[in-house]
Amino acid sequence: MDKIGINYHSILPELITSTVAIVIMMVDAASRKIERRIAGAISLVGLAAAAAAVVSLWGRNGETSFNRMIVTDDFRLFFALIFLVVAILIVLISLRWVKEEDLPTGEYFALLLFATTGMLFMSAANDLVMIFLGLEITSISTYVLCGYRKSDLRSNESAVKYFILGSFSTAFLLYGIAFIYGATYSQAMKTATTNLQDIAARISSGQLFSEPMLLAGAAMMLVGFGFKVATAPFHIWSPDVYEGAPTPITAFLSTGSKAAAFAAFLRVFVLTFAATAVAKGTGVMGSLQAVTTNALIVMAILTMTIGNLVAIVQTNVKRMLAYSSIAHAGYALVGMIAGDWRSVAFYLLSYVIINIGAFAIVEVIARRGDTRTEISDYAGIGFKSIGLATALSLFLLSLAGIPLTAGFMAKFLVFKQAWIAGSTANNSMLHVLVVIGVINSAISWYYYLRIVVAMFFAEPAQEFKAPAVARSLAAGLILAILGTLYLGIMPGRVLDALESAGAKTAAMQKK
Amino acid sequence: MEQTLFIIFAVIAVASALNILIQRNPLYSALSLIVTLASLSALYLTLHAQFIAAIQVVVYAGAIMVLFVFVIMLLNEPKDVPHIEKHKWLRYLAIPFAGLLIAEMFYALPLDKQIAFPSIPAEQADTAVGTTWNIGTALFTDYLLPFEVTSVLILMAVVGAMVLARREGD
Amino acid sequence: MVPLSWYLGLSALLFTIGAVGVFIKRNAITIFLCIELMLNAANLALVALSGFFGDVGGQLFVFIVMTVAAAEAAVGLAIVISVFRNRESLNVDDVDTLKL
Amino acid sequence: MLAAIILAPLAGALILGLFGKRMGERAIGFIACSTVAVSAVLSFYVFFANREALEAGTKIHEYLFTWISVGQFRADAALLLDSLSGIYILFVTFVGFWIHVFATGYMHGDTGYYRFFAYLNLFMFAMLTLVLGDNFLLMFVGWEGVGLCSYLLIGYYFLRDYANDAAKKAFIVNRIGDFGFALGVMLLFSQAHTIFYFSDPARGTQGAFNWAMTQLADPFTASAIFAGGLTTIGILLFIGATGKSAQIPLFVWLPDAMAGPTPVSALIHAATMVTAGVYMVSRASSIFIHAPMAMMIIAIIGAATALFAATIGLAQWDIKKVLAYSTISQLGYMFLACGVGAFAAGIFHVFTHAFFKALLFLGSGSVIVGLHHEQDMRRMGGLKKFMPVTFATMLVGWLAISGVPLLSGFFSKDEILFRTFTTAGLPDAWPKILWIVGAITALLTAVYMTRLMVLTFWGSERFSESHAAHHDTRHSDESHQSVTPHGVGPNEHEHHAGPPRESPRSMTVPLVVLAIGAVFAGYLGVPEGLSGGKIPNYFERILEPSIAHPQDAHSGSPIRQIIGEPAAHEKAASAANAAPAAEDEGHGTEIMLTVISVIIAFLGIGIGWSWFNRKPLWQPPRLLEDKYYVDEIYNAAIVQPIKVGSTNLLWKIIDVGIIDGAVNGAAYLASRIGNAMRYMQLGLARGYVALVVLGALLIIGYFIMK
Amino acid sequence: MTDYLLSIITFLPLAGVVALILVGRANESTLKWTAFIFALATFVVSLALPFGFDSAAGYQFVTDRPWIEAFNLGVRYHVGVDGLSLWLVMLTTLLVPVALISSWNSIHKYQREFLISMLALETGMIGVFIALDLFLFYLFWEVMLVPMYFLIGVWGGERRIYAAIKFVIYTVVGSLLMLAGIIAVYYLHGNATGNFTFDIPTITQAVQAGGLRIDPRTQSWLFWAFGLAFLIKVPLFPFHTWLPDAHVEAPTAGSVILAGVLLKMGTYGLMRFNLPLFPDASREWATLISTLAVIGIIYGALVAMVQPDMKKLVAYSSVSHLGFVVLGIFSFTDQGMQGALYQMLNHGVSTGALFIIVGMIYDRRHTRLIKEFGGLASVMPVYSALFLIVTLSSIALPLLNGFVGEFLILIGTFTSNVLPYSKTFTAFAATGMILSAVYMLWMYQRVIFGETHNPENQKLADLNGREKLALAPIVVLVFVMGIYPNLFLARSDRTIKNLSERFNTVVAATKTGNEPMQASTEKR
């Protein structure tokens with residue numbers, strides 16, 4: 001048995017989340033009369049426990065288990081923490097919402113936790129099978145969540161579109177995996193593989209069945225992952241889906257599933273294919289790196305530019321934030337192109353906190369049924385509901401990248417890493433990329449500030465009564481604000497942790 | 001002989017796959033897909049993947065497609081709604097896109113790479129990779145975790161489908 | 001023996017048919033069918049490769065893909081049902097209120 | 001000690017400015033006059049206590065503090081007394097004091113009394129700073145300071161738009177001159193690395209003039225003007241002078257400046273401030289003598305201005321305007337003197353002019369007050385019996401300016417004409433041409449001054465005639481200054497309230513004092529030729545050490561090598577070589593020239609007398625009356641194009657249209673692009689799929705093609 | 001104590017923000033006093049700076065703590081003042097309380113938030129000047145935008161939204177490019193010396209000592225990456241069009257701060273970064289920038305001349321004045337740079353005062369159109385007198401502050417050996433002296449002089465005690481700075497000399513030995 005390395009500790013976080021999901025459903029089914037809040041409470045406890053489990057795993061340097069399906073390295077744990085943070089915040093901001101919207105509570109939290117489980121597997125995966133599975137768990141549960149408000153046409157539409165496009169892109173991913181599987185067949189070993197470490201080894205040693213097949217497979221996986229993280233031109237689904245989905249779910253989609261997709265994306269492309277600007281391989285490795293890097297650069301530029309420019313002309317806040325999150329995927333890609341997953345991880349950590357914060361407020365202001373999400377609905381609310389408006393301004397400015405907030409540190413780190421990567425690799429395309437990123441950031445100020453303008457500068461267009469803020473949501477907001485500021489002002493500890501994590505991953509990679 | 005079989009099933013598969021696109025009624029499309037799946041199952045057999053071939057029929061053509069057909073019957077879209085073809089341009093895209101995609105795939109696939117199918121003596125047929133034994137063993141050893149995780153996936157899908165499909169107020 | 005390339009070619013053909021079908025068919029269920037076809041094309045490739053390589057991994061992958069396909073189908077059909085309840089239509093072109 | 005001279009009026013200005021509003025007229029007048037008196041007394045004391053040292057050419061420095069010091073650049077708040085500044089402070093404080101006294105009477109009853117004297121005191125401070133500063137920057141302080149006070153005082157009647165316009169015009173035109181001045185100073189600094197006039201061993205500072213004296217003279221060529229050498233410095237400084245001293249082309253502000261109260265015109269726009277340019281040129285004589293081309297330009301501009309202004313003066317109806325143009329003309333004389341190297345003669349004319357022109361202005365002020373603020377000479381006449389003291393004193397002034405022998409103007413003007421005629425610094429026939437211009441100007445001066453006197457004091461009494469009788473609409477608005485709604489103008493008498501009457505004592509006493517000065521001031525500097533060397537030209541002698549002379553060329557200073565080089569600059573050289581000869585026969589020539597100018601003076605008076613007694617209201621040529629349309633030309637050629645160009649081209653087209661248009665256009669473009677890209681998002685799921693396929697095709701294609 | 005002095009000064013206003021939040025929605029007077037006391041306290045504390053300042057030393061009152069070390073970032077909390085920043089800090093701490101007094105009764109809505117914005121802004125501004133770490137600098141630079149944005153957007157005039165957004169976008173475009181530049185400099189320095197840091201003194205030192213040599217092409221890029229941010233902020237023609245809008249729409253206090261302090265950040269940045277870090281590029285581009293500066297001087301003045309709105313006039317005059325500053329900086333001479341520094345202070349004082357003055361009249365009449373006024377001298381004598389002093393200071397009358405700066409700039413430019421065509425530039429720039437007199441005096445005349453035709457103007461009240469109090473310190477400064485400038489100049493002397501030396505020795509070297517820049521820096 002030990003041959004396959006069964007190690008339940010190594011999947012403890014995933015075990016906990018999935019178990020808790022099941023428990024919630026059972027509790028929910030058993031106790032209709034019990035305050036529905038209990039489901040939320042249970043999930044919070046479960047997520048906290050999962051987080052503890054993640055922490056307990058810290059320090060296992062690239063230990064693998066379950067026939068090397070799972071790898072426990074800092075990359076995994078760091079991303080796991082990001083997902084858990086997302087999940088906790090989402091639970092907090094949707095506790096009241098689920099009740100207000102009168103939606104099935106138990107299933108809601110169960111699905112959230114399942115999705116989280118899938119995400120956790122995606123970061124823990126050391127095998128394309130696990131990545132595929134994790135991705136599907138996440139996707140399928142979020143398909144459901146998008147359509148969760150069944151009576152709402154927008155929610156339906158969101159679900160349909162997400163499902164069609166999502167499963168379509170999954171097919172591409174799968175086909176890509178098949179190609180990779182085929183390409184990695186080693187005549188010598190008489191085996192093909194889906195194990196990431198083996199793939200890396202075979203690519204770098206050039207023991208391949210077919211090189212074009214590898215490249216085509218990589219390309220198709222790029223399409224699949226590109227779709228999941230919503231990079232142009234595969235971003236196309238996200239504005240519609242984000243706008244139509246219930247607000248907390250939009251928050252979840254734009255943060256959690258995006259971060260998870262990035263985790264898998266990084267795991268495959270950076271940690272396995274090492275397809276980055278800095279790594280300098282020869283042969284297949286080299287050409288894979290070159291094409292991927294170039295493709296990613298183009299995609300990143302497109303993503304940032306489209307995201308930002310189209311966001312300018314939006315009138316719906318959710319949709320604007322959707323485009324904003326497309327743009328942010330572009331910035332994160334910059335870090336990825338730099339070959340530095342740490343900066344991407346930090347970027348995503350910052351981004352998820354800020355974005356959930358922003359969506360939380362959008363959710364509060366939208367009221368029941370997501371009715372008030374136009375920018376005009378925000379007119380003049382600034383001084384009537386100053387706490388919310390200030391918090392939203394903070395989040396928006398942070399998204400724009402104002403210093404002293406997480407958004408700035410994140411962008412700064414990403415750009416810095418990309419610049420340095422460009423300098424060391426002598427690839428001036430990266431410098432161009434950074435400059436374009438920076439210009440895009442400037443453009444983004446315009447639309448983020450539009451909301452601020454509406455809130456504080458414009459005269460109220462209609463009667464506005466300050467909405468009541470549930471305690472749970474307030475807690476979530478405060479956490480988000482604290483997180484935003486903490487990562488912006490005192491990012492030292494997190495960065496230190498990441499840095500050492502990165503060093504270890506790099507060392508492991510060399511082995 | 002195997003080549004003949006292959007050609008027969010391949011033609012059936014492709015033809016019925018095309019039929020999916022040609023049929024306007026989703027029910028016929030579904031039935032076409034079943035034919036395709038069945039012919040694929042046959043092809044799996046030619047690859048000595050008995051287990052997969054079996055569940056292809058049982059699970060896929062059986063369970064999943066039944067579900068489809070069921071839903072199609074259930075929803076029974078009103079026929080009298082005249083359908084104006086709104087986005088014809090997508091159709092015109094189909095040909096070049098399909099052509100390009102095929103071309104790219106064929107360019108990428110190792111069509112020139114000849115690799116012999118591992119010849120297994122008849123007496124050792126049960127050692128072929130595709131046997132239930134082999135698959136089962138792998139499933140509960142090397143692929144234990146994915147196998148277990150699929151259960152989570154299924155459970156989740158059940159929950160999700162139930163939430164969405166049940167009527168309000170249930 | 002049938003060469004590997006035949007299987008892969010067939011798989012590519014089916015994949016393409018599926019992919020094209022997704023954007024030329026208007027009926028949501030037909031679209032799902034096309035997606036299933038694409039998954040099957042991938043399966044065919046995996047099984048063929050697995051068979052020729054003598055490596056069991058591919059077929060296990062196919063097994064998992066099938067489960068995934070099942071789950072996907074279940075959820076997808078549920079979504080279609082819930083949409084149909086509101087719209088009385090399976091035409092995905094009608095589902096276009098969210099745009100621009 | 002020197003500091004006290006400049007600070008006393010400043011103290012007065014501060015006291016009046018801050019607390020004057022609550023003081024009575026007497027207290028205000030007392031403070032104003034006494035602070036100037038303190039300056040005057042101190043000036044006299046300082047001058048005479050150091051007379052010998054000054055005659056010996058000693059530079060007395062008084063260091064107060066370092067004002068600006070950056071790198072090499074250093075400008076101290078330090079004062080310099082030498083004979084030039086000594087003479088200046090003498091007459092500035094003296095004349096200034098009496099004008100203050102006059103003003104206490106003139107401004108009686110004005111609501112802005114304290115303000116007026118605060119400004120006037122401030123002016124004294126600035127003027128004295130200008131004179132006493134020991135470096136160019138401090139001179140510039142005074143230079144701009146007097147400009148400011150001039151601005152404030154011209155615009156003193158701030159309810160009147162034309163006064164405000166005049167004030168603004170004065171300041172701006174002066175600024176144009178200052179522009180040249182400042183550049184001149186900078187150019188000097190860039191070469192001499194100092195802006196101090198003279199080296200001061202006590203501070204270890206170097207002097208620009210000490211430096212200049214070690215330099216070779218610039219060549220006498222037009223290209224020297226732009227060469228960035230001493231000639232350029234000289235020209236730039238002279239541009240400053242043309243602004244302050246109202247020379248062509250920047251003279252336009254001075255006639256308008258008459259919008260200010262008359263004492264202001266007397267003090268600032270006749271006696272002191274406007275001569276600052278002459279002071280500056282004389283002060284920088286060490287530079288100018290090394291810049292023959294600049295000298296020539298100064299001489300030509302001076303002569304041209306003198307003639308030009310005199311012709312205009314001939315045709316003005318406003319008594320003060322006549323005097324204003326006269327001032328411009330006389331200033332032209334002074335520059336002519338400087339231009340021909342007779343700096344001392346120029347200063348001497350400044351000195352005598354201060355007396356008689358202040359006298360004439362104050363006299364006209366007295367007339368104006370006597371006539372209840374009537375300035376149009378067409379409504380005067382026959383005043384000599386109503387205002388005897390005014391008449392008598394103005395008579396002196398008239399004769400002095402006309403160049404009647406034995407009065408101050410005679411000596412100084414004569415000296416200038418003589419030095420022009422005999423100058424060695426100008427080539428060809430230039431000395432003679434300039435002399436003829438000067439002589440014609442002298443003739444015209446006598447004519448227009450006679451006209452002024454005849455129209456004012458003799459002839460029929462036109463002041464009681466009806467307003468409309470001689471109403472000349474073109475001038476009426478300027479002549480009727482006293483009609484002000486709030487009575488801020490001097491005196492609140494009704495217009496034409498009663499018969500003319502003599503002015504009070506406070507006004508007549510200064511007139512008498514200045515008249516005495518106008519008679520005798522000239523005797524300080526009787527040209528040596530006239531007295532046959534018996535009366536020493538004390539004025540010139542004491543100025544000698546403060547002024548660099550072209551004659552230095554003979555004593556072997558470098559200038560000789562340039563101008564005296566026949567091969568290089570033949571024309572200049574011949575003139576220079578003629579100089580020693582001139583000195584020998586100088587006395588004879590001088591007497592001959594003197595005779596000519598005496599004849600000119602009497603001829604002018606005669607012409608004026610006979611003509612204007614017969615036809616007092618003779619209509620002069622329009623061209624002259626309208627001042628050659630210079631203001632109109634400037635307005636049409638410079639002011640309007642700038643205004644219209646700035647509004648329409650710069651602001652509306654370039655700024656709002658192009659630059660802002662580009663900025664907004666970029667924003668618009670971004671949103672257009674954004675809008676266009678929105679249309680990828682048609683809401684059509686199948687379309688999205690197609691796009692994904694397209695993307696996939698591209699990526700796969702790229703990957704496998706590579 | 002002195003270790004933390006600067007931090008105290010910087011964060012005292014922030015403490016005020018906290019206090020205001022804690023005070024809550026108390027009555028307005030309490031809020032105003034709270035804010036004012038904090039602002040005043042900041043000023044009082046900051047007085048310790050010039051007194052404790054050692055003219056001979058470099059950076060003083062330094063606090064240097066590591067902040068973010070991971071990823072080789074080497075970000076430090078490193079603050080300090082030298083001759084360059086000392087007076088700018090003082091200017092900031094002075095202008096904020098003055099601005100608060102001046103708009104004591106002008107703010108009619110959201111008083112508390114207004115005060116919070118002002119105090120937050122103060123922290124940001126001081127931070128920009130004292131930061132000795134590029135990262136820290138950038139941080140303050142950006143953060144400061146937000147309160148300013150709110151000041152314009154919430155309390156501004158009719159087109160405030162447009163103005164606010166334009167202001168922010170303009171600035172952000174520049175500053176984000178600077179961010180890229182900062183990263184590049186950081187990398188270049190780290191790569192060359194092995195010490196990855198954002199520390200300004202360290203990097204500057206490395207450039208100076210030759211430890212960090214940036215090739216001219218890169219220098220040019222970086223010069224513009226930094227320069228654009230600063231030149232937009234300055235604003236140099238043709239990047240100036242945000243300024244008139246921002247100024248016109250901002251409330252009085254906002255305009256005062258905007259003109260008084262914010263614009264200086266641009267010129268400060270040029271002196272702090274562009275010149276010392278990219279000396280070759282600075283020299284290379286000096287001609288272009290000086291040309292733009294001179295165009296700005298003349299253009300700003302001409303456009304100011306024809307403005308119908310007083311605030312807009314003053315705004316365009318800022319373009320003109322700041323043109324002088326830029327010209328002075330790129331003269332690379334002691335005089336030019338000292339003059340530029342001095343002119344920054346002058347402009348802060350004078351233009352700040354002008355905005356206060358315009359604000360006072362706006363409070364009374366709710367219009368700023370020049371043609372609405374006229375004859376105010378009769379009804380508001382004190383106002384007119386103070387206005388006159390400020391006007392004169394703005395047109396650089398000697399013995400008032402403006403003159404010293406302007407003259408030093410001109411003479412510095414004129415004598416520059418480094419800047420080509422320096423004399424031509426000076427000649428054109430000096431026309432600004434004339435033009436400034438034209439537009440200021442013309443405005444003054446139209447507003448103050450003449451008869452009070454408009455009946456609404458006839459009953460205007462003259463300045464009250466509070467308003468006089470607001471202008472008093474400024475008027476005093478106008479004189480003190482004009483009469484005894486050495487008080488100020490002496491403290492910045494050494495810093496400026498260090499800066500100019502670098503250029504002038506290089507020139508000398510190139511002139512004598514035709515040595516390229518690199519070689520000569522190496523020798524030193």
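No hydrogens, no waters, no symmetry mates; every other heavy atom, side chains included, goes into these values. Just so it is clear: chains get the letters A, B, ... in the order the sequence lines come, proteins before strands, and each one is counted from 1.
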Chemist: Looking just at side-chain N and O atoms, do E:Tyr342 and E:Ser492 make a donor-acceptor pair shorter than 3.5 Å?
Modeler: no
Chemist: Quick one: do the D:Asp110 and D:Tyr156 side chains pair a donor with an acceptor below 3.5 Å?
Modeler: yes
Chemist: Pick one of side chain, backbone, both or neither for D:Val141, based on which atoms fall under 4.5 Å of a heavy atom in chain E.
Modeler: both
Chemist: Of the listed residues (D:Gln72, D:Glu144, D:Lys21, D:Lys652), which shares the most heavy-atom pairs with chain E below a 4.5 Å separation?
Modeler: D:Glu144
Chemist: Select one option (side chain, backbone, both, neither) describing which atoms of E:Met305 are under 4.5 Å from chain D's heavy atoms.
Modeler: side chain
Chemist: Taking every non-hydrogen pair under 4.5 Å, which of D:Ile658, D:Asp161, D:Leu148 racks up the most with chain E?
Modeler: D:Leu148
Chemist: So how far is it from E:Phe387 CZ to E:Tyr444 OH, rounded to the nearest 0.5 Å?
Modeler: 7.0 Å
Chemist: Is the backbone N or O of E:Val303 less than 3.5 Å from a side-chain atom of E:Gln307, with the two atoms forming a donor-acceptor pair by type?
Modeler: yes
Chemist: Which residue out of E:Ile411, E:Val404, E:Leu399 racks up the most heavy-atom pairs below 4.5 Å with chain D?
Modeler: E:Ile411
Chemist: Is D:Leu138 close to chain E through its backbone or its side chain, or both, or neither, when contacts mean heavy atoms under 4.5 Å?
Modeler: neither
Chemist: Non-hydrogen atoms of chain D under 4.5 Å away: do they reach the side chain of E:Gln335, the backbone, both or neither?
Modeler: both
Chemist: What part of D:Gln191 gets within 4.5 angstrom of chain E, counting heavy atoms only: side chain, backbone, both, or neither?
Modeler: neither
Chemist: Please state whether the side chain, the backbone, both or neither of E:Ser436 comes within less than 4.5 Å of a heavy atom of chain D.
Modeler: side chain
Chemist: Are any side-chain N or O atoms of D:Thr232 and backbone N or O atoms of D:Ile225, one a donor and one an acceptor, separated by less than 3.5 Å?
Modeler: yes
Chemist: If we define contacts as heavy-atom pairs under 4.5 Å, which of E:Leu487, E:Ile395, E:Ile169 has the most with chain D?
Modeler: E:Ile395
Chemist: I'd like to verify something: which residue of E:Leu435, E:Ile434, E:Thr415, E:Asp334 has the highest number of heavy-atom pairs under 4.5 Å with chain D?
Modeler: E:Ile434
Chemist: Could you look at D:Asp165 and say if it's the side chain, the backbone, both or neither that has a heavy atom under 4.5 Å from chain E?
Modeler: both
Chemist: Can you tell me which portion of D:Leu187 sits under 4.5 Å from chain E's heavy atoms? Options are side chain, backbone, both or neither.
Modeler: both
Chemist: Where the side chain of E:Thr452 meets the backbone of E:Gly375, is there a donor-acceptor pair that is under 3.5 Å apart?
Modeler: yes
Chemist: Any chance the rings of D:Phe73 and D:Phe189 have centres within less than 6.0 Å?
Modeler: yes
Chemist: Among E:Thr413, E:Leu408, E:Ile496, E:Ile448, which residue forms the greatest number of heavy-atom pairs with chain D at distances under 4.5 Å?
Modeler: E:Leu408
Chemist: Pick one of side chain, backbone, both or neither for D:Lys169, based on which atoms fall under 4.5 Å of a heavy atom in chain E.
Modeler: neither
Chemist: Would you find a donor on one side and an acceptor on the other, under 3.5 Å apart, between the side chain of E:Ser331 and the backbone of E:Gly328?
Modeler: yes
Chemist: Quick check against the 3.5 Å criterion: does E:Arg446 have a side-chain atom that pairs as donor or acceptor with the backbone of E:Lys371?
Modeler: no
Chemist: Does the ring centre of D:Tyr113 sit less than 6.0 Å away from the ring centre of D:Phe117?
Modeler: yes
Chemist: D:Asn164, D:Val663, D:Thr647, D:Leu649: which one forms the most heavy-atom pairs within less than 4.5 Å of chain E?
Modeler: D:Asn164
Chemist: At a 4.5 Å cut-off on heavy atoms, which part of E:Trp442 comes close to chain D: side chain, backbone, both, or neither?
Modeler: both
Chemist: Contact part of D:Phe171 toward chain E, heavy-atom cut-off under 4.5 Å: side chain, backbone, both or neither?
Modeler: side chain
Chemist: Mind telling me whether D:Phe181 and D:Phe136 have parallel, tilted or perpendicular rings, with 30° and 60° as the class edges?
Modeler: perpendicular
Chemist: Which residue out of E:His240, E:Lys497, E:Met337 racks up the most heavy-atom pairs below 4.5 Å with chain D?
Modeler: E:His240
Chemist: Counting heavy-atom pairs under 4.5 Å with chain D, which one of E:Leu489, E:Thr333, E:Val438, E:Asp493 comes out on top?
Modeler: E:Val438
Chemist: Ignoring hydrogens and angles, state whether a donor on the side chain of E:Tyr299 or D:Asp655 is under 3.5 Å from an acceptor on the partner side chain.
Modeler: yes
